[in-house]
Peer 1: 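To start, I am sharing the structure in question, which I have written as structure tokens.
Within every chain, numbering begins at 1; the chains are lettered A, B, ... in the order of the sequence lines, protein sequences first and strands thereafter.
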2 protein chains.
Amino acid sequence: MSRVECQDEGMSLRHAILGLLEEHPMSGYDLLKRFEQAMSNVWAATQSQLYGELGKLEAAGLIRVHAEGPRGRKEYEITDAGRAELRHWLVDVEPNRVTRNEALLRVYFLGAVAPERAREYLESLGDTARRREGRLEDLDASIDWGDDDASVYGRMVLEWGKRFSVMQREWAEWAAGQVK
Amino acid sequence: MSRVECQDEGMSLRHAILGLLEEHPMSGYDLLKRFEQAMSNVWAATQSQLYGELGKLEAAGLIRVHAEGPRGRKEYEITDAGRAELRHWLVDVEPNRVTRNEALLRVYFLGAVAPERAREYLESLGDTARRREGRLEDLDASIDWGDDDASVYGRMVLEWGKRFSVMQREWAEWAAGQVK
DNA sequence: TATGACATGTAACTAGTTACATGATTCA
DNA sequence: TGAATCATGTAACTAGTTACATGTCATA
């Protein structure tokens, strides 16, 4: 029941896995699908990293194998220690705000290329945002939202993505117009 | 004059350094100050990583030592090969969109804690955004913008930060209201 | 029977973090 | 002369990426 000591503030993949297993037991393969789909807009993870982390989580006693299936399938479930660690992270650890926005980094340096290239770049950012906006609208419309926690908080994340896309598109349009 | 071969799409720190040195020659220490200040909202870098990367850039011929000063200070300048690499990155390499938003990741899992804790968390995201909004407004007002490239593109980046902060604050206020 | 989806794993690498270590110069 | 700032570097680590490697099961 007691939380494993852990002074590190990072390791969000670890907590992403714990959070998904809190919903219900899953295999590494199942988790991978989640990271490739819904999760990909929020936290990226590769197959290799995922299986590695599952091993570490099991060794740390935060998850355990709950059932084995065909083809070597191992379904993991979260343990009480894992749940404690997840809650601790959600409540006590302040989010680390290490910012890395490659698209925006380029904008700083657009003076190094011809104005036409700069405008093209900004317009392509706008196009990308527009496409993303459309995809998220479609996704939202296709989901039958309920009033359970997963729906409420899932919708919040989706709403964030939609608002972000709109903001990015509008900014890119404005910025392209600023290029002389 | 010809670009160094480089199939990797990442290495943005490398390009951030090249972009800053394109403005004018600087030492590692100067660059560090830039990364700690204006740059910190776009691309984070530690002192250790910076000096390591400067060594690699020099070895690759993309920068060279232009002047030495007291206390072992080494001022670097960008070479023609470095400028070519910077332009190549700006124009030809599409931005990699690996998303990792720790604050948003938590929102997915807020169902694991009491609604009051969840609301507190969302409100704290709103507060953070509001403070950031204020800081960026102040910064904008304090800068004497010109119509040179550095001003035009610097203002674009700042404008993005302001719009992002507004979006994040409004979303967080809405989201906090969604918690039952 | 062959293809594709299911399923897990490892090796070698690059990027990024934390902590330590050292010394020079300025200025109160 | 002591503290702050300037200035560079290294060692040990964690996180993340790419590529490879292997084998199972369902079904067309």
Peer 1: Can you identify which nucleotide, out of D:dG16, D:dG9, D:dA7, has its nearest atom closest to the B:Y29 side chain?
Peer 2: D:dA7
Peer 1: Looking at B:D147, I want to see if its CG is surrounded by more than 12 non-hydrogen atoms of other residues, nucleotides or ligands under 6.0 Å.
Peer 2: no
Peer 1: Atom CD of B:E68 and atom C1' of D:dT8: how far apart are they, to the nearest Å?
Peer 2: 12 Å
Peer 1: Could you tell me whether the side chain of B:S27 has a donor or acceptor atom within less than 3.5 Å of a complementary atom in the base of D:dT8?
Peer 2: no
Peer 1: So is A:R163 actually on top of B:W174's ring, under 6.0 Å and inside 45° of the axis?
Peer 2: yes
Peer 1: Looking at A:R100, does any N or O in its side chain come under 4.0 Å of the phosphate oxygens OP1/OP2 on C:dT17?
Peer 2: yes
Peer 1: Measuring from B:Y76:OH to B:L18:CG, what's the distance to the nearest 0.5 Å?
Peer 2: 13.0 Å
Peer 1: Which comes earlier along DNA chain D counting from the 5' end, the contact point of A:A44 or that of B:L32, where each point is its nearest nucleotide?
Peer 2: B:L32
Peer 1: Verify the contact: side-chain N or O of A:Y51 to OP1 or OP2 of C:dT8, cut-off strictly under 4.0 Å; return yes or no.
Peer 2: yes
Peer 1: Decide yes or no, distance alone: a donor-acceptor N/O pair under 3.5 angstrom between the base of C:dT18 and the side-chain of B:T46.
Peer 2: no
Peer 1: Would you mind telling me which of C:dT8, C:dA5, D:dA7 lies closest to the side-chain atoms of B:R71?
Peer 2: D:dA7
Peer 1: Counting only side-chain heavy atoms from C-beta out, which of C:dA15, D:dT17, C:dT8 sits nearest to B:V98?
Peer 2: D:dT17
Peer 1: Do A:S48 and D:dA15 share a donor-acceptor pair, side chain to base, under 3.5 Å?
Peer 2: no
Peer 1: Counting distance alone, no hydrogens or angles: does the base of D:dT17 have a donor or acceptor under 3.5 Å from a partner atom on the side chain of A:Q49?
Peer 2: no
Peer 1: Is the terminal nitrogen or CZ of B:K33 (NZ for Lys, CZ for Arg) located under 6.0 angstrom from the six-membered ring centre of B:Y29 and within 45° of that ring's axis?
Peer 2: yes
Peer 1: If you assign B:E75 and A:E53 each to the DNA chain D nucleotide with the nearest heavy atom, which residue ends up on the more 5' nucleotide?
Peer 2: B:E75
Peer 1: So, is B:K74 close to the D:dG9 phosphate, meaning a side-chain N or O under 4.0 Å from OP1 or OP2?
Peer 2: yes
Peer 1: Indicate the ring-plane relationship of B:F164 and A:W160, choosing parallel, tilted or perpendicular according to the 30° and 60° boundaries.
Peer 2: perpendicular
Peer 1: What is the separation between atom CH2 on A:W43 and atom C1' on D:dA15, rounded to the nearest whole Å?
Peer 2: 10 Å
